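Below: one structure, written as C-alpha cells.
Worth saying up front: this structure is predicted, and the values here are computed from it rather than measured.
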Amino acid sequence: DQELVWQLYTDFLEAAEVLGKDTGEDSELYQTVSVQRDKLEPLHINESGMIKEWIEEDGQKIDGVEKNHRHQSHLLGLYPGDHITAETPELMEAAIKSLEDRGPGGTGWSRAHKLNLWARTGNGEEAYKQLQSLLKGEIVNGKVAGIMDNMLDSHPPFQIDGNFGATAGIAEMLIQSHTEYIEPLPALPKAWEQGEVSGLVTEGGFETVIRWSNNELTELELTSTLGNECRLKYTGIGNAKVTDSGGNSVTTESESQDKLSFQTKKGETYRVEFAESELASIEAAAETEIVSKGERTVINVTGILADGRK
C-alpha cells in the first residue's frame, strides 16, 4: 500500500509541475500531497539484504508468510513503478535478492509479473526463462500455471493478467523509458540474437523501430509525436550518428559515452546508427571492462563486430 500511494503521489506531483499547478492559486493540493508523501514509510532493506515485505519482519517470524508465494507486492516500486531503478543501486540490489529468494514459480499472472520485474533489472536471461515458463503452461498441483493451448492464461480457470503481462514483459525486454532516458534492448536474451521490432511507443511520445544483430543494437528509428527532447541510453551510443528523414545530420549532446540527447520536431523521424569506427571503440571499451573483472573470455565482446565488418 505504501508503494502504491508513493507512486500515485509522485506521478501526481510530476503531472502538476508539467501543468503549472505546483505554484500559485492552484497549488494547495500539490502542497498537501507533497507533505503527505514525505510522511510515507520509506523502502526498507532487511537483515538478509532484501526489500522488506513487512516493516516488522526483522527479528521475528511473521505467521502465514510463504517464501515462494506468487505475490511480489513489495517489489511494486521496481515494476510497474519507478521507485527502484539503476539510479538507486542499493535498492536495485535488494530487489534482485528478493526476486532470487522468491523463486521462479507461480501462477500465470505471477510469472508475467516476474517477467516484467526481471526485465526491469536488466537481466534478459531470467526474464526469458519466465516468458518460456509462462508460454509452456506448466502443470502445478495438477493445474495449468500459464498460457493454455487456447492461448488464454490460466490462474485457473482464466485470468487475462497473464496475457497482458506477457505482452508488457516482452516490450520491457525490448525497450524501457520509465527513467529519464529511452533505453533500447535493456534486457535482450541471448536467444533473440537478431531481430527487428516496430511500433513500440516510449514515454515522451516516440514511436520506435529497433533493429539488432548479434545481440547488439544496429539501428534505431524514432518518430517524435510530441516534439520533445529525445534522451537515449545504450552502450556506446554517445558516439552514434543521428539524421532526420531528409538525411540531414542532427546536432546531439553526449552526456557520456553511453548517453545521447537531441531536440526533435513534432512529426519528424530520426535515425540513430553506429558507424564502424564507433563499434570498434565500443568493443575496446567493453573488452577493457571484462579484463578488469578478471574474465579472460571475450567471445561475447567480439561478437559486437561479428557481422562481417570486423
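By the 6.0 Å contact criterion, CG on Asn150 is enclosed, its count of non-hydrogen atoms from other residues, nucleotides or ligands being greater than 12. Counting non-hydrogen atoms of neighbouring residues, nucleotides and ligands closer than 6.0 angstrom, the CD atom of Glu253 reaches no more than 12 such neighbours. Within 6.0 Å of atom CD in Glu90, 12 or fewer heavy atoms from other residues, nucleotides or ligands are found, so the atom counts as exposed in its surroundings.
Side chain of Ser48 to backbone of Met50: no donor-acceptor contact under 3.5 angstrom is found. A distance-only check finds no donor-acceptor pair linking the side chain of Asn123 to the backbone of Trp118 [under 3.5 Å]. A donor-acceptor pair under 3.5 Å is formed between the side chain of Lys114 and the backbone N or O of Gly103. In this structure, Gln176 contributes its side chain and Ala119 its backbone to a donor-acceptor pair below 3.5 Å. The closest donor-acceptor contact from the side chain of Thr88 to the backbone of Thr85 lies under 3.5 Å. Distance alone, capped at 3.5 Å, is enough to place a donor-acceptor pair between the Trp212 side chain and the Trp192 backbone. Judged by distance alone, with hydrogens and angles left aside, the side-chain atoms of Glu183 form no donor-acceptor pair with the main-chain N or O of Ile175 at under 3.5 Å. Distance alone, capped at 3.5 Å, is enough to place a donor-acceptor pair between the Thr225 side chain and the Gly205 backbone.
Between His44 and Trp54, a ring centre-to-centre spacing not shorter than 6.0 Å is recorded.
Within the model, atoms CG of Asp244 and CZ of Arg271 stand 12.0 Å from one another, a figure rounded to the nearest 0.5 Å. Rounding to the nearest 0.5 angstrom, the gap separating the CD atom in Gln194 from the CG atom in Leu188 is 11.0 Å. Note that the OG atom of Ser154 and the CG atom of Asp149 stand 11.0 Å from one another [nearest 0.5 Å]. Atom-to-atom distance recorded for Glu203:CD and Thr179:OG1 is 8.5 Å, nearest 0.5 angstrom. Here the CG atom belonging to Leu217 is positioned 9.5 Å from the CG atom belonging to Leu232, to the nearest 0.5 angstrom. If you take CZ on Arg111 and CD1 on Ile147, they are separated by 11.0 Å, rounding to the nearest 0.5 Å.
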Let me see the working for Ser245 and Glu268 under side chain to side chain donor-acceptor pair (under 3.5 Å), right down to the final yes or no. CA-CA 7 Å; Ser245 58; Glu268 181 62 86; 2.4 Å; yes

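The pair Glu273-Lys241 does not meet the salt-bridge criterion, since no charged nitrogen lies less than 4.0 angstrom from a carboxylate oxygen. Using a cut-off of 4.0 Å between Lys/Arg side-chain N and Asp/Glu carboxylate O, Glu126 and Lys129 are scored as salt-bridged. Ion pair Arg211/Glu221 flagged as a salt bridge, since at least one NZ, NE, NH1 or NH2 atom sits closer than 4.0 Å to an Asp/Glu carboxylate oxygen.
Under the 4.5 Å side-chain heavy-atom criterion for Ile, Leu, Val, Met, Phe, Trp and Tyr, Tyr234 and Val209 are members of distinct hydrophobic clusters. Hydrophobic clustering (ILVMFWY, side-chain heavy atoms < 4.5 Å, transitive): Leu200 and Ile237 are in one cluster. Under the 4.5 Å side-chain heavy-atom criterion for ILVMFWY residues, no single connected hydrophobic cluster contains both Trp109 and Leu76. Hydrophobic clustering of Ile, Leu, Val, Met, Phe, Trp and Tyr side chains at less than 4.5 Å, counting indirect connections, keeps Leu40 apart from Leu43.
Under the ring pair (Phe, Tyr, Trp, His ring centres under 6.0 Å) criterion, Tyr30 pairs with no residue, sequence neighbours left out. Under the side chain to side chain contact (heavy atoms under 4.5 Å, CB included) criterion, Lys21 pairs with Ala16, Leu19, Asp26, sequence neighbours left out.
Glu3 and His74 share no side-chain donor-acceptor pair at under 3.5 Å. For the residue pair Tyr181/Glu255, the side-chain donor-acceptor check at 3.5 Å is satisfied. Using modelled atom types and a 3.5 Å distance limit, the side chains of Ser213 and Thr218 yield no donor-acceptor pair. Side-chain polar atoms of Ser224 and Thr264 form a donor-acceptor pair below 3.5 angstrom. For the residue pair Gln36 and Tyr9, a side-chain donor N or O sits within less than 3.5 Å of a side-chain acceptor on the partner. If you check the side chains of Asn46 and Glu53, you find no donor sitting under 3.5 Å from an acceptor.
At least one cation-pi condition fails for Arg120 and Tyr79: the charged atom is not both under 6.0 angstrom from the six-membered ring centre and inside a 45 degree cone around its axis.
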Side-chain donor/acceptor pairs under 3.5 Å, residues 157-171, sequence neighbours excluded:
residue, atom, partner, partner atom, Å
Gln159, OE1, His155, ND1, 3.2
Asn163, OD1, Asp153, N, 3.0
Asn163, ND2, Met151, O, 2.8
Thr167, OG1, Asn163, O, 3.2

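Considering every non-hydrogen atom in both Met173 and Pro189, the closest pair reads CE-CD, 3.6 Å. Heavy atoms only, all atoms of each residue included: Gly238 and Leu260 are closest at O-CD1, 3.9 Å. Here the closest non-hydrogen pair linking His178 and Asp82 is O-OD2, 3.7 Å.
Under the 30°/60° scheme for interplanar angles, the aromatic rings of Tyr270 and Phe262 are found to be tilted.
Across Thr223, Leu222, Leu174, a single residue satisfies side chain to side chain contact (heavy atoms under 4.5 Å, CB included) together with Thr208, and that is Leu222.
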